[in-house]
Amino acid sequence: MKVVKIKEILQNKNINEACSTQGWVRTFRANRFIALNDGSTLDNLQCVVDFEKLDEKVLKQINTGAAIQMIGKLVESKGSGQNLELQVEKLNIIGISDPKKYPIQPKKHSLEFLRDKAHLRIRTSTFSAVMRVRSALSFAIHKFFNKEGFHYVSTPIITGSDAEGAGEMFHVSTLSRKNPPLKEDGKIDYKQDFFAKETNLTVSGQLEAEAYALGLGEVYTFGPTFRAENSNTTRHLAEFWMIEPEMAFYDLNDNMDLAEKFITNVLKDVLKSCEKDLIFLDERFSKEEISKPQLERSGMGLLEKIKFVIENDFKRLSYTEAIDILKKSKPNKKKKFKFPVNEWGIDLQSEHERFLVEKHFNCPVILFDYPANIKAFYMRRNDDNKTVRAMDILFPGIGEIVGGSQREERLDVLEKRIKEMKIDAKELWWYLDLRRFGSVPHSGFGLGFERLVQFTTGMNNIRDVIPFPRTPQNAEF
Ligand code: 4AD
Ligand code: MG
């Protein structure tokens with residue numbers, strides 16, 4: 001008999017049909033009812049066994065965590081919670097599990113506890129729901145760009161450039177760590193390294209994506225990026241995934257329009273494709289909210305928040321306008337901000353971003369035209385000579401979810417900026433070439449994938465929306 005997934009059984013199978021399915025035991029109660037889950041859907045299949053007919057040895061092996069194949073007939077369920085259940089006629093233990101040692105017990109575990117069991121936490125309802133939503137979001141993203149006529153490009157993971165100029169890179173080298181070859185000046189001789197130069201894991205695929213946009217027109221990358229920043233927060237990972245579209249002939253307004261359309265379309269898509277999981281996560285989110293102090297509650301349910309973002313325009317304002325609002329704000333006057341807002345030019349902290357989004361405007365915000373001095377070298381300079389055509393999208397509960405800009409397409413202006421920022425122009429020879437041959441206005445942005453998954457699933461900690469998180473002091477699994 002063909003093995004059928006539990007999702008298929010619950011959606012499309014009828015009473016009296018014979019079927020075979022397999023999965024892992026979530027619970028086993030009254031020596032009779034097995035809740036089986038195979039990951040295809042949030043719901044378990046209730047399987048009913050006649051323990052009197054079962055061999056003692058087999059009965060002992062039906063434990064939480066064990067993998068079992070069930071063959072039987074579907075019958076109407078008398079219990080609450082499901083319409084169908086499987087009357088088991090034959091049962092094969094595929095993989096045993098010692099119930100005393102299996103860490104995922106049928107009870108509520110804390111997320112912290114489960115983080116240490118990241119290889120098994122996917123067998124809980126919460127993590128399977130989150131990871132199905134993550135998978136659906138990823139598919140929705142590819143679908144969106146495909147429909148818009150964008151080309152998907154794979155940018156390198158090992159690179160010689162530091163796209164963000166922040167110096168937060170993981171080095172890649174095959175040189176001996178004990179005795180690396182040295183140059184006369186005592187520095188490491190990377191000429192003898194694998195790539196005959198210093199290399200690192202990429203912090204962003206943007207620079208290479210720019211090259212491809214200036215030939216393919218509209219492109220996007222979707223890959224892992226790496227940052228060796230020592231940020232132990234609920235929003236930072238050392239290894240995270242980023243979606244980076246890059247478009248020729250787009251100015252900053254076109255860029256903001258695309259980013260807004262992109263996010264709302266992807267959210268709409270998963271609202272449909274992940275309805276069941278999102279309803280479950282919405283309930284979970286509401287329970288968590290109640291346990292939070294009043295001030296930290298968002299006041300909206302998860303589904304409500306997602307719909308709100310889909311239905312309402314993002315508020316767009318310049319950095320300068322934002323600083324004015326912040327300066328005059330109550331928390332600033334009452335010295336409630338850890339970083340007071342006194343002057344134009346400061347970098348916005350997450351407390352400021354969250355004030356704008358969650359207190360002042362109460363909707364996603366796009367800030368644009370930031371001071372040049374707090375942004376990367378490649379952003380297009382405005383005529384005021386102080387600001388650049390940057391834009392950040394700020395989301396409720398998340399803060400910055402997107403960072404992007406119109407790129408500096410003028411060779412002389414870009415060269416000057418590179419010099420001012422003391423960046424090695426030699427490394428960027430090819431990037432500068434793009435401004436020598438057929439340079440055009442172009443723009444792009446980067447969306448932090450895990451932050452989008454956080455927003456969509458309502459998970460508070462970024463470590464809980466990626467299968468095996470990499471953070472400072474932690475690369476287990
Ligand atoms: O603002 P960032 O640094 O922008 C760039 O890397 C540009 N090159 C993007 C572009 O224009 N093509 O990063 C973009 C986004 C942030 O808004 C944030 O959502 C996410 O990436 N991000 C992180 N997510 C998780 N952990 C980290 N350490 C992150 N750093 C940035
Ligand atoms: Mg940024």
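Numbering starts at 1 and runs along the sequence shown. The basis for the numbers below is simple: all heavy atoms, side chains too, and nothing from hydrogens, waters or symmetry mates. Order of appearance sets the numbers: ligands from 1, and atoms from 1 within every ligand.
Here the heavy atom of the protein found nearest to atom 5 (C) of ligand 1 is Glu164 OE2, 3.4 Å. Closest to atom 26 (N) of ligand 1 among all protein heavy atoms lies Leu237 N, 2.9 Å. For atom 1 (O) of ligand 1, the closest non-hydrogen atom on the protein side is Glu400 OE2, 3.0 Å. At the shortest separation from atom 14 (C) of ligand 1 among protein heavy atoms lies Met242 SD, 3.4 Å.
Residues that satisfy the side-chain hydrogen bond (donor to acceptor under 3.5 Å, both in side chains) test with Asn385, not counting sequence neighbours, are Arg381. With sequence neighbours excluded, no residue forms a ring pair (Phe, Tyr, Trp, His ring centres under 6.0 Å) with Phe437. Judged as a ring pair (Phe, Tyr, Trp, His ring centres under 6.0 Å), and not counting sequence neighbours, the contacts of His352 are Phe337.
Taking only nitrogen or oxygen atoms, main chain and side chain alike, Glu246 does not reach within less than 3.5 Å of ligand 1. Note: an N/O pair closer than 3.5 Å links Gly448 and ligand 1 by distance alone. Considering backbone and side-chain N/O of Ile401, one or more are found under 3.5 Å from N/O of ligand 1.
Side-chain atoms of Asp392 and Val402, non-hydrogen and from C-beta on, never get closer than 4.5 Å to each other.
Remark: Lys197 engages Glu427 in a salt bridge, criterion side-chain N to carboxylate O under 4.0 Å. Taking the charged nitrogens against the carboxylate oxygens, Glu415 and Arg436 do have a contact shorter than 4.0 Å, which makes a salt bridge. The pair Asp251-Arg389 does not count as a salt bridge, with every side-chain nitrogen at least 4.0 angstrom from each carboxylate oxygen. Between Arg417 and Glu420, at least one side-chain nitrogen of the basic residue sits less than 4.0 Å from a carboxylate oxygen of the acidic one, meeting the salt-bridge criterion.
Which parts of ligand 1 touch Val402 is read off a 4.0 Å heavy-atom cut-off, strictly below it: atoms 17 (O). Short contacts between ligand 1 and Arg407, defined as distances under 4.0 Å to a heavy atom of the residue, involve ligand atoms 10 (C), 11 (O), 12 (N). Close approach of ligand 1 to Tyr378 is summarised as follows: ligand atoms under 4.0 Å from at least one heavy atom of the residue are 7 (C), 8 (N). Annotation for ligand 1: atoms under 4.0 Å from non-hydrogen atoms of Gly404 are 11 (O). Atoms of ligand 1 found under 4.0 Å from any heavy atom of Gly403 (numbered from 1 in listed order, with element): 1 (O), 9 (C), 10 (C), 11 (O), 17 (O).
Figure legend: Arg284 and Phe280 shown without cation-pi pairing, the cationic atom not lying both under 6.0 angstrom from the six-membered ring centre and within 45 degrees of its axis.
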Stepwise, does the side chain to side chain donor-acceptor pair (under 3.5 Å) test hold for Tyr212 with Glu246? CA-CA 8 Å; Tyr212 263 59; Glu246 191 68 35; over 6 Å; no
Assess the residue pair Tyr152 and Phe145 against the criterion (ring-ring contact (aromatic ring centres under 6.0 Å, His included)); give the C-alpha distance rounded to whole Å, side-chain angles, the decisive distance to 0.1 Å, and a yes or no. CA-CA 8 Å; Tyr152 173 45; Phe145 284 121; 9.5 Å; no
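Residue-level proximity to ligand 1 for Arg451 is carried by the side chain, the only part with a heavy atom below 4.0 angstrom.
Here the shortest heavy-atom distance to atom 6 (O) of ligand 1, taken over Arg227, Glu210, Arg235, Glu244, belongs to Arg227. Within the set Phe449, Phe226, Phe240, the minimum heavy-atom distance to atom 24 (N) of ligand 1 is found for Phe240. Of the listed residues (Pro469, Ala209, Gly446, Gly205), the one carrying the non-hydrogen atom nearest atom 10 (C) of ligand 1 is Gly446.
Asp43 pairs with exactly one of Lys276, Gln11, Lys7 by the side-chain hydrogen bond (donor to acceptor under 3.5 Å, both in side chains) rule, that one being Lys276.
Excluding waters, the count of protein N/O/S atoms less than 2.8 Å from the Mg ion (ligand 2) comes to 1.
Rounded to the nearest 0.5 Å, atoms NZ (Lys330) and CZ (Phe355) are 9.0 Å apart.
Separation of the Phe226 and Phe170 ring centroids does not fall under the 6.0 Å cut-off.
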